[in-house]
Amino acid sequence: MSGPYVIRGSVSLPEAELMWRFSRSSGPGGQHVNTSDSQVELRFDLAATDALPEVWKERALERLASRLVGGVVTVRASEHRSQWRNRETALVRLAALLAEATAPPPKPRRRTRIPRGINERRLREKKQRGDTKRGRSGRDW
């Protein structure tokens with residue numbers, strides 16, 4: 001593969017902590033599918049890893065709680081006929097998943113007041129629109 005997969009900054013996925021499993025894949029491939037193990041299942045023990053800073057690890061464990069089974073996150077890839085390409089796809093997916101899960105929370109939104117002029121203009125335009133519609137009726141109010 002093309003080297004260590006960087007999550008963010010200088011933090012990358014350690015190759016030693018990745019657990020691979022291969023199996024026969026459904027989908028394209030014809031008779032080739034019956035003989036090759038091209039589906040890839042990549043597992044990463046998020047709870048036990050030392051590769052991530054402690055703050056990132058806690059954040060990821062909290063955000064990925066619904067995806068974890070015993071602290072292990074699993075990614076499966078079987079789109080390609082080649083096991084090699086499926087391995088690449090699974091690694092990219094795992095790195096993206098961890099990057100998103102470890103990202104810092106967004107800054108809280110600062111509420112702002114609507115300027116008085118904008119509110120007055122909105123009400124004035126509503127009044128004009130109502131007058132226009134009222135003028136369309138045949139009645140003389």
Side-chain angles (χ1 to χ4, degrees), residues 1-139 141:
M1 274 161 283
S2 61
Y5 273 85
V6 177
I7 296 172
R8 206 171 54 249
S10 62
V11 178
S12 60
L13 288 172
E15 190 68 39
E17 294 185 18
L18 299 177
M19 295 167 275
W20 298 95
R21 207 173 100 199
F22 308 102
S23 59
R24 295 206 175 103
S25 175
S26 63
Q31 293 173 349
H32 175 73
V33 166
N34 302 329
T35 59
S36 64
D37 293 339
S38 60
Q39 178 173 300
V40 173
E41 186 178 282
L42 175 60
R43 297 167 50 118
F44 180 68
D45 194 348
L46 189 57
T49 188
D50 292 326
L52 299 176
E54 201 59 39
V55 178
W56 287 18
K57 192 156 104 173
E58 289 172 12
R59 204 180 289 154
L61 285 169
E62 181 184 318
R63 290 182 182 169
L64 297 175
S66 62
R67 281 193 70 146
L68 297 178
V69 177
V72 177
V73 64
T74 305
V75 176
R76 192 175 276 141
S78 62
E79 294 81 42
H80 307 289
R81 289 179 60 174
S82 158
Q83 184 188 97
W84 185 260
R85 287 180 65 192
N86 282 331
R87 285 176 67 133
E88 288 284 326
T89 303
L91 261 175
V92 168
R93 270 195 215 148
L94 181 63
L97 183 69
L98 290 175
E100 187 178 328
T102 59
K107 291 181 180 176
R109 180 180 176 273
R110 219 176 78 199
R111 294 190 62 185
T112 57
R113 286 189 52 220
I114 298 172
R116 196 172 79 209
I118 290 178
N119 213 16
E120 288 174 355
R121 184 176 69 209
R122 180 181 62 86
L123 293 174
R124 189 173 55 246
E125 287 172 359
K126 276 181 71 132
K127 186 78 172 154
Q128 286 174 351
R129 183 77 175 143
D131 290 343
T132 302
K133 288 186 171 191
R134 198 176 307 112
R136 289 182 186 151
S137 71
R139 294 189 185 161
W141 299 100

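For this chain, numbers begin at 1 and follow the sequence in order.
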Show your working on side chain to side chain contact (heavy atoms under 4.5 Å, CB included) between Leu64 and Leu98 and close with a plain yes or no. CA-CA 9 Å; Leu64 297 175; Leu98 290 175; 4.2 Å; yes

Checking side chain to side chain contact (heavy atoms under 4.5 Å, CB included) for the pair Val40/Thr89: CA distance, chi angles, key distance, verdict?
CA-CA 9 Å; Val40 173; Thr89 303; over 6 Å; no

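Asp50 pairs by the salt bridge (Lys or Arg N to Asp or Glu O under 4.0 Å) definition with nothing, not counting sequence neighbours. Applying the salt bridge (Lys or Arg N to Asp or Glu O under 4.0 Å) criterion to Glu54, with sequence neighbours excluded, gives no partner residue. Arg129 meets the side-chain contact (heavy atoms from CB on, under 4.5 Å) test with Lys133, Arg136; sequence neighbours excluded. The salt bridge (Lys or Arg N to Asp or Glu O under 4.0 Å) test applied to Arg85 returns no partner, not counting sequence neighbours. With sequence neighbours left out, the side-chain contact (heavy atoms from CB on, under 4.5 Å) criterion links Glu100 to no other residue. Remark: Arg116 engages Glu120 in a side-chain contact (heavy atoms from CB on, under 4.5 Å) (not counting sequence neighbours). A search for side-chain hydrogen bond (donor to acceptor under 3.5 Å, both in side chains) contacts involving Arg122 returns Asn119, not counting sequence neighbours. Judged as a side-chain hydrogen bond (donor to acceptor under 3.5 Å, both in side chains), and not counting sequence neighbours, Arg110 has no contacts. Under the side-chain contact (heavy atoms from CB on, under 4.5 Å) criterion, Ala48 pairs with Asp45, sequence neighbours left out. Annotation: side-chain hydrogen bond (donor to acceptor under 3.5 Å, both in side chains) contacts of Ser23 (sequence neighbours excluded): Gln39. Residues satisfying the salt bridge (Lys or Arg N to Asp or Glu O under 4.0 Å) test with Arg93, not counting sequence neighbours, are Glu79.
At distances below 3.5 Å, at least one donor-acceptor pair connects side-chain atoms of Ser137 with backbone N or O atoms of Arg134. Within the 3.5 Å criterion, the main-chain N or O of Ser38 finds a donor-acceptor partner in the side chain of Asn86.
Taking a 6.0 Å sphere around CZ of Arg59, one finds it holds more than 12 heavy atoms contributed by other residues, nucleotides or ligands. By the 6.0 Å contact criterion, CG on Leu123 is enclosed, its count of non-hydrogen atoms from other residues, nucleotides or ligands being greater than 12.
Taking CZ from Phe44 and CG from Leu97, the interatomic distance works out to 11.0 Å, rounded to the nearest 0.5 Å. Residue Ser78 holds its OG atom at 11.0 Å from CD of Glu41, rounded to the nearest 0.5 Å.
Within the 4.5 Å cutoff, side-chain heavy atoms of Leu42 are placed close to those of Trp20. Val11 places none of its side-chain heavy atoms less than 4.5 Å from the side chain of Thr102.
Listed by first and then second residue, the salt bridge (charged side-chain N to carboxylate O under 4.0 Å, His left out) pairs involving residues 63-73 amount to none (not counting sequence neighbours).
Residue Arg43 comes nearest to Thr74 through the heavy atom pair CG-OG1, 3.7 Å, listed as atom of the first residue, atom of the second, then distance.
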